[in-house]
Amino acid sequence: MAAIISIRDLKKSYDNGFEALKGVSLDIEKGEIIALLGPNGAGKTTLIGAVCGLVTISSGQALVGGFDVAKEPRRARRLIGLVPQELALDLFETVWNSVRFTRGLFGLPRDDSHIENVLKSLSLWDKKDNQCKELSGGMKRRVMIAKALSHNPEVLFLDEPTAGVDVNLRRDMWKVVGDLRNTGVTVILTTHYIEEAEEMADRVAVINKGSILLVEDKTQLMQSFGRKVLTLDLGAPLVTLPESLADYDLTRSEDGKQLSYAYDTREARTGITRLITDLAAEGIHVRDLDSTKSSLEDVFLDLVEEKA
Amino acid sequence: MNWRAIGAIYRFEMTRFFRTIYQSILSPVLSTVLYFVVFGAAIGGRIDTVEGIAYGAFIVPGLVMLSVLQQSISNASFGIYFPKFTGTIFELFSAPVSFFEIVMGFVGAAATKSLFVAVLIIATSFVFVDLHIIHPIWAMVFLILTALSFSLLGFILGIWAKSFEQLNIVPMLVVTPLVFLGGAFYSAAMLPGIWQVVVKFNPVLYLISGFRWAFFDVADVPVTLSLAAITVFLALCLAVIGWIFKTGWRLKS
């Protein structure tokens, strides 16, 4: 598939010598949802700012729809909708005027039916005449998204869309992004919540200290870092681990009723058969087995620590 | 040229103006009325005429200029500072809008607002004094040029300011003294010796003098000099704006 955004060796350094982006390269395909995952200060917002025209690029190139954001900013920006991290709204303006204003800024003729559709899709229609200050935080965020969608962008940047919102609102936002996927909009979201990337994204780009550490399909990423944990429910509580089992990576639960065994699916032998045999030899009765995949969070921590 | 964006900014700013229409209009009109009462009636009763013009009428051009200067600066500076303060300015920079278009939208709206107030003050003054404007077209030209150039100055101020205090300091500490020392309430010829020379360095003197000429055909300095002064000021503001545009000073990181 063609890349709608193509970033090549993008660098951003400040006068004080701080390098916020150290040669980032990334291709984003049309219609996908990609999560830029990284801790605070990793360079996520700077990267978005550089593509959207808020940050002056030091060197390198960013193309949006084939247009260089530095050389043809107008044509590139027409394709982009941006929802920044902060809730920046003119609080005294009505929702309707606020959204209409953004459409005007993008040079598009008035189109009330489009704005109506956008507001309805974000459950904002009955709030259209309210001043933004009358809305809750979650609703304000929706207004920001409505503004960004007012000019039919092909690419939507969501910078930390759920930072500082409660669990319900977060799930609500995931639904909004899920619905966006159906409209064919390419979504680039930044987050430091692994759960969020796991829930929403098709691909994950892990970014830390101004460099992209890895870009991979979410499922593959989790597989390739496929650590799994086998939990064994024991017939009787185990007070101490027999010495013969000391070589295994085993953790005993506090009440001694469970043993956890961590293993790597990529290895030729996982050691499970041998473990079961050795447990039987020690006379330890296993009632039940359960294996869980490690979450993206574990994958992420592994990666950041590994490259640090 | 993204005319729709200019229109959108202009409309947005004008909506803000009309949303606070009473504050926007009441304050300048009230202070003008007070000036008429204090200077026109109380003091003017003892001065009689200045250069053959009734004192109450003589101060009208100065009063209008005082309001236009203050209004233009505060409208434009607040107009651009507010999005900086609330963070909504990101929207202007991430949209396909050039800096020039942004300036046109904000400055156009700021100048329109102050012209609106100017017309209202002139209308109010007709209630208090017997007024006849000799060169109405020139009066409009001076008004528009002044409103535009001081809105540009206000825009620069709004970009420069890092706090609301800084936003207020220029109109308070610079503009008001310049207007008072620029012959708003007297003719420069009435000043003692050295002050007549000093006031010639005050750019506002040229504005008020030119505007007064349009009203009464009486001026402190030749009207061509007034026109030249306002043009130079306009060009200077445009040059600074151009420089900000090129460097992204205080706007982009």
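Computed from a prediction, not measured in an experiment: that's the story for all the values here. Protein chains get the first letters and strands the later ones, always in sequence-line order, with residue 1 at the start of each.
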Chemist: For the backbone of A:G107 and the side chain of B:R4, can you confirm whether one donor and one acceptor N or O come within less than 3.5 Å of each other?
Modeler: yes
Chemist: Above 12 or not: heavy atoms from other molecules or residues under 6.0 Å from CZ of B:F18?
Modeler: yes
Chemist: Name the member of B:G105, B:S98, B:A95, B:G87 that forms the most heavy-atom pairs with chain A at distances under 4.5 Å.
Modeler: B:A95
Chemist: Ignoring hydrogens and geometry, is there a side-chain-to-backbone donor-acceptor pair from A:R100 to B:A8 under 3.5 Å?
Modeler: no
Chemist: Can you tell me if B:I21 has over 12 outside heavy atoms packed within less than 6.0 Å of its CD1?
Modeler: yes
Chemist: Looking at A:E93 and B:R16, does any basic side-chain N land under 4.0 Å from a carboxylate oxygen?
Modeler: no
Chemist: A quick test of your reading: do over 12 heavy atoms of other residues, nucleotides or ligands sit less than 6.0 Å from CH2 of B:W243?
Modeler: yes
Chemist: Need one label for A:L108: side chain, backbone, both or neither, based on atoms under 4.5 Å from any heavy atom in chain B.
Modeler: backbone
Chemist: Tell me if a side-chain donor or acceptor on B:N2 pairs with a main-chain N or O of A:L105 at a distance below 3.5 Å.
Modeler: yes
Chemist: Does atom CZ (B:F100) have a neighbourhood of more than 12 heavy atoms from anything else shown, all under 6.0 Å?
Modeler: no
Chemist: Distance check, rounded to the nearest 0.5 Å: A:D90 atom CG versus B:F82 atom CZ?
Modeler: 5.5 Å
Chemist: Should we count NZ of B:K162 as having more than 12 external heavy atoms under 6.0 Å?
Modeler: no
Chemist: Using every non-hydrogen atom in the two residues, find where B:S94 and A:F106 come nearest and quote the distance to one decimal.
Modeler: O-CZ, 3.9 Å
Chemist: More than 12 heavy atoms of other residues, nucleotides or ligands under 6.0 Å from CG of A:N16: is that the case?
Modeler: yes
Chemist: If I take atom CG from residue A:L54 and atom CZ from residue B:F90, how far apart are they, to the nearest 0.5 angstrom?
Modeler: 8.0 Å
Chemist: From A:S98 OG over to B:E91 CD, what is the distance, rounded to the nearest 0.5 angstrom?
Modeler: 6.5 Å
Chemist: Nearest 0.5 Å please: distance from the CZ atom of A:F92 over to the OG1 atom of B:T86.
Modeler: 10.0 Å
Chemist: Over all heavy atoms of both residues, which pair between B:P96 and A:R78 is shortest? Give the atoms and the distance, please.
Modeler: CG-CG, 3.8 Å
Chemist: Mark yes when over 12 heavy atoms from residues, nucleotides or ligands other than B:W138 sit less than 6.0 Å from its CH2; otherwise mark no.
Modeler: no
Chemist: Looking only at heavy atoms and a cut-off of under 4.5 Å, which of A:A76, A:P84, A:A148 has the most pairs with chain B?
Modeler: A:P84
